[in-house]
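Residue numbers start from 1 in every chain, and the chains themselves are labelled A, B, ... in the order their sequence lines are given, proteins ahead of strands.
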Amino acid sequence: MEQCFTFEKEQFPLFFEAMSEHGTVLAPVRVSEQSFAFRPVSSAGEIAFEALRTILPPKKLFYPQRETILGYEGRTIEERKPDVKPQVLFGVHPCDLAGLGVLDAIFSSDPADSHYLARRKATIVVGLSCMPDRYCFCNSVGTDSPEKGYDVFLTDIGGSYFARVNSPAGLQLLQSRPGLMQPASGDARQQYKDFWVNRDRAFQIGFKSGNLPAIVDMEWDNPIWEELGQRCLSCGNCTPVCPTCYCFDILDVASLTGDSGERVREWDSCQFSGFAQVAGGFNFRPGPVDRLRFWYRHKLHGFEDAYGFPTCVGCGRCTVSCPAGIDDIVGVVLRLQGGQDGQGGEER
Amino acid sequence: MNALKTPFFPVHGVIRSIIELAADNRLFEIQLQEPNGLPRCRPGQFVQLWIPGVGEAPISVCSGKVGASMELCVRRAGRVTSALFQMQEGDWLGLRGPYGNGFPVELFEGKDLVLIAGGLGVAPIRSLWQYLLDYRQKFGRLILVYGMRHSIDLLFRAEFQVLLRRRDLDVYIAAEDVVGPQLPTVSFQLGRVTDMIKLAQITPGFQAAVCGPPVMYKYVVQELRAKGMPDSNIWLSLERHMKCGIGKCGHCYVGGQFTCRAGPVFRLNDLQFLPEAIECA
Ligand SMILES: Cc1cc2nc3c(=O)[nH]c(=O)nc-3n(C[C@H](O)[C@H](O)[C@H](O)COP(=O)(O)OP(=O)(O)OC[C@H]3O[C@@H](n4cnc5c(N)ncnc54)[C@H](O)[C@@H]3O)c2cc1C
Ligand code: SF4
Ligand code: SF4
Ligand code: FES
């Protein structure tokens, strides 16, 4: 059974101490007036508790933009193991937890990705509650209540945090400062439930997702793809910012003499023109219209066939990052559901 | 945890022989350095061929049997394949695999089969016919159709001379035009793959295994349907851009499937609802 505790916000520095004792603490910090990023922090004061969406989701901490997989020298090939140290990832919101869950499923499915898993397993994840802004729609895609992927989840219930524990490592973290944690009282439990009810009411946008896979397939020829795709710059902004995008390329980097080198993995984007090109000049998705439609289908219909889950977790990052303003997932879904007259579908 | 090994680790192979099949097309025999380095290789599967310092490319297993060595038929198309063409007998390279599902040879048992290859699609189809001929008595009638643009592109001439003489296999070869100073030493007809399918004695109970350039599938499928074959008897090996071969890099994703895992061989009726599967620009 899950265990629940509370601790006063004033005591947060103690909790921070406990986290630092385990390893490097990574938390959202403010990097410009409007933006936040997960960075190593050395004191509670550096943490931006108000951060909603960081520029990049926490995937970058387990799956860096560029990493060496193998090295070779002459005929000798060796795996370059990632340099893994214990760390605590603090302040992950429900959408990003769900995003990590998607990457966990992909990278741990056979054959498992040793590089991703080594970093993932060395990390304690502390989730943090949030209140949606006008771009959040996790409640439409069912990722709004944190279920897995964390060791501890903190809900802000006013003067205190309500801590749910989900792993032995999480329990150990909470118990490492004697007296810090109080078993959650009846009042605290009620405040916790109130928080989530109020949060649910605070969403400003959304849709009903039940018929999404069917609708996306049905609307494959909807003129909306042409209309939006024409405006796409193929800049590929939408994919690195997405917590569930993980496509990559693997390339060789040879030394100058050529007898040694490395195999390096780098993030790639399905929005780049060569992504689906094969020899002979055939391209399965030659234009931005093809690629944008592919991306939408993948996000909304997702891995239902290959893995059995959809892949948009409702964080709103693509919407705020697209320079062309065409990654309006909620708007597009409402239009698809409402048919071709441009009228919205059923808003939640 | 640290015992987990990266799936990107290759095995060593050494080039044992190189045979020029046609301009820019060579057959490489690769000797595997680690015993059982590529276990349980099936016809229609592929390997990731690695040229150190250059990169990897997916290449079909071209020989029916894979033991201590395997054959790969490669066309010079870009970076990796050009680097391979610079290599010599005795040089080493890396291999990962085998990947993909391959052709359903167990399901094919006891059935009449038509194998259809267009251009370089003959590479995986060759692994299939070699396998089928090794276990000839397990299968019904065998028809092999092979088409190409120009007559000089004909691959495996010597092997076809032998195949054309077999009585337990009907071979139809077609080229769209005759190019070059002399005709290939193999009898062929002018026309397309689809013309050969029309000629061949294919009945609705046949199973078809098809591999060729992306544009070919639509026309071949039309022709097979015209013969009365149900979609469930048609198996297509699809080519996609592939970087990993293990369902991770995302490049080969089509509809809802990774071509490298769920394919490259797909049953046509499973592709029906996959957008982008067999149409292409
Ligand atoms: C399952 C499978 C089996 C295969 N089996 C075989 C086989 O048996 N034999 C064989 O020869 N081939 C086979 N192929 C095809 C082979 O993998 C490709 O031709 C591969 O691209 C060759 O790699 P390369 O590095 O030599 O070419 P690349 O450098 O990748 O270039 C290939 C082509 O793509 C174009 N291209 C590449 N990148 C770009 C870009 N960024 N922008 C524009 N154009 C670009 C190039 O113009 C070139 O024509 C197979 C492919 C698959 C998926
Ligand atoms: S959809 Fe937007 S972010 Fe994505 S490639 Fe197109 S313009 Fe860039
Ligand atoms: S598709 Fe957009 S809203 Fe959905 S998870 Fe990805 S970045 Fe977030
Ligand atoms: S080749 Fe990488 S997912 Fe299929």
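Between chain B and the residues A:Asp259, A:Ile250, A:Val253, the largest count of heavy-atom pairs under 4.5 Å involves A:Ile250. With chain B as partner, the option from A:Pro111, A:Ala254, A:Gly261 having the largest number of non-hydrogen pairs under 4.5 angstrom is A:Pro111. For the set B:Met242, B:Arg75, B:Glu56, the count of heavy-atom pairs under 4.5 angstrom toward chain A peaks at B:Glu56. Highest contact tally toward chain B, considering only A:Arg75, A:His298, A:Arg265, is held by A:Arg75 [criterion: heavy-atom pairs under 4.5 Å].
If you run ring-ring contact (aromatic ring centres under 6.0 Å, His included) between A:Tyr72 and each of B:Trp50, B:Phe8, B:Trp92, only B:Trp50 comes through.
Panel note: side chain B:His251, backbone A:Phe275; a donor-acceptor pair is recorded below 3.5 Å. One N or O on the side chain of B:Lys248 and one on the backbone of A:Ile106 form a donor-acceptor pair closer than 3.5 Å.
Contacts between A:Leu251 and chain B at a heavy-atom distance below 4.5 Å are absent for every atom of the residue. Contact of B:Ile51 with chain A is made through the backbone alone, with heavy-atom distances under 4.5 Å. With a 4.5 angstrom heavy-atom cutoff, A:Asp268 touches chain B only via side-chain atoms. Heavy-atom distances place both the backbone and the side chain of A:Ser109 under 4.5 Å from chain B. Interface remark: B:Cys252 contributes no atoms to any contact with chain A (heavy atom separation under 4.5 Å). Within the 4.5 angstrom heavy-atom criterion, only side-chain atoms of B:Ala77, from C-beta onward, approach chain A. Looking at B:Gln33, only its side chain comes within 4.5 Å of chain A, counting heavy atoms on both sides. Heavy atoms closer than 4.5 Å to chain B are found in the backbone of A:Glu78, but not in its side chain.
Contact record, B:Thr6 with A:Ile69: OG1-CG2, 3.5 Å, taken as the closest heavy-atom pair. The minimum heavy-atom distance linking A:Leu70 with B:Pro10 is given by the pair CD1-CD, 3.7 Å.
Taking the ring centre of A:Phe284 as origin, the terminal cationic atom of B:Arg240 falls inside the region bounded by 6.0 Å and 45° from the ring axis.
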